[in-house]
Amino acid sequence: MRQILILQGPNLSRLGSREPDQYGRKTLDEIHGEIVRMGARDGFSPVFYQSNHEGGLIDRIHQAGDDGTDGVVANLGAYTHTSVAIRDAFLSVGLPVVEVHLSNVYRRESFRHKSLISDIAVGVIGGLGPAVYRLGILGLLDWLENRTPKTTLP
Ligand code: DQA
């Protein structure tokens, strides 16, 4: 059974009450519950990790590189736009990552248009609310099955 890490970055622990017009009213636990039910139905094993700290996210990525994790679906929150260290952590473990965002970052402030993860991700999904996690997992499972070649870095 595929083991998929769902990595959640800063402020996502506040979902449900945080800027509901932007992120909806579901809590992180409710979103994770949907993923658990999907895993039972579709035959994958989800593991969840949320941190408001860059170092915690980096340590968890390193752990995923050693513990048999097959791939990562990551919403890195604001660190998406700033963190060279998280980018380097993904490069250091070589696991496939799908970048997801609840909101459509391209409809928002220009500082959200830049991602330090997108060009090393196997896919990027955004703007559809909590469905992005389920869509990201489906895409990752399909990628793992077919090993779609990763675009090479410039
Ligand atoms: C987000 C978008 C980011 O720009 C923001 O900092 C977040 C959430 C999203 O899911 O839409 O914290 O990643």
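Order of appearance sets the numbers: ligands from 1, and atoms from 1 within every ligand. Everything numeric here is computed off the predicted structure, so don't read it as measured data. Residue numbers start at 1 and run along the sequence shown.
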Contact with ligand 1 for Asn75, non-hydrogen, under 4.0 angstrom: yes
Geometric N/O contact Ser103 with ligand 1, under 3.5 angstrom: yes
Leu12, any N or O under 3.5 Å of ligand 1 N or O: no
More than 12 heavy atoms from other groups under 6.0 Å of CZ on Arg108: yes
Distance filter under 4.0 Å to His81 heavy atoms, resulting ligand 1 atoms: 3 (C), 4 (O)
Geometric class of the His113/Tyr106 ring pair [parallel <30°, tilted 30-60°, perpendicular >60°]: tilted
Polar contact flag for Arg18 and ligand 1 (N/O pairs, less than 3.5 Å): yes
Short side-chain donor-acceptor distance under 3.5 Å, Ser103 and Gln22: no
Heavy-atom gap Gln22 to ligand 1 smaller than 4.0 Å: no
Asp119/Arg87 salt bridge by N-O under 4.0 Å criterion: yes
Subset of ligand 1 atoms that lie under 4.0 Å from at least one heavy atom of Tyr23: 5 (C), 7 (C), 8 (C), 9 (C), 11 (O)
Under 3.5 Å: N/O of Leu102 near N/O of ligand 1: yes
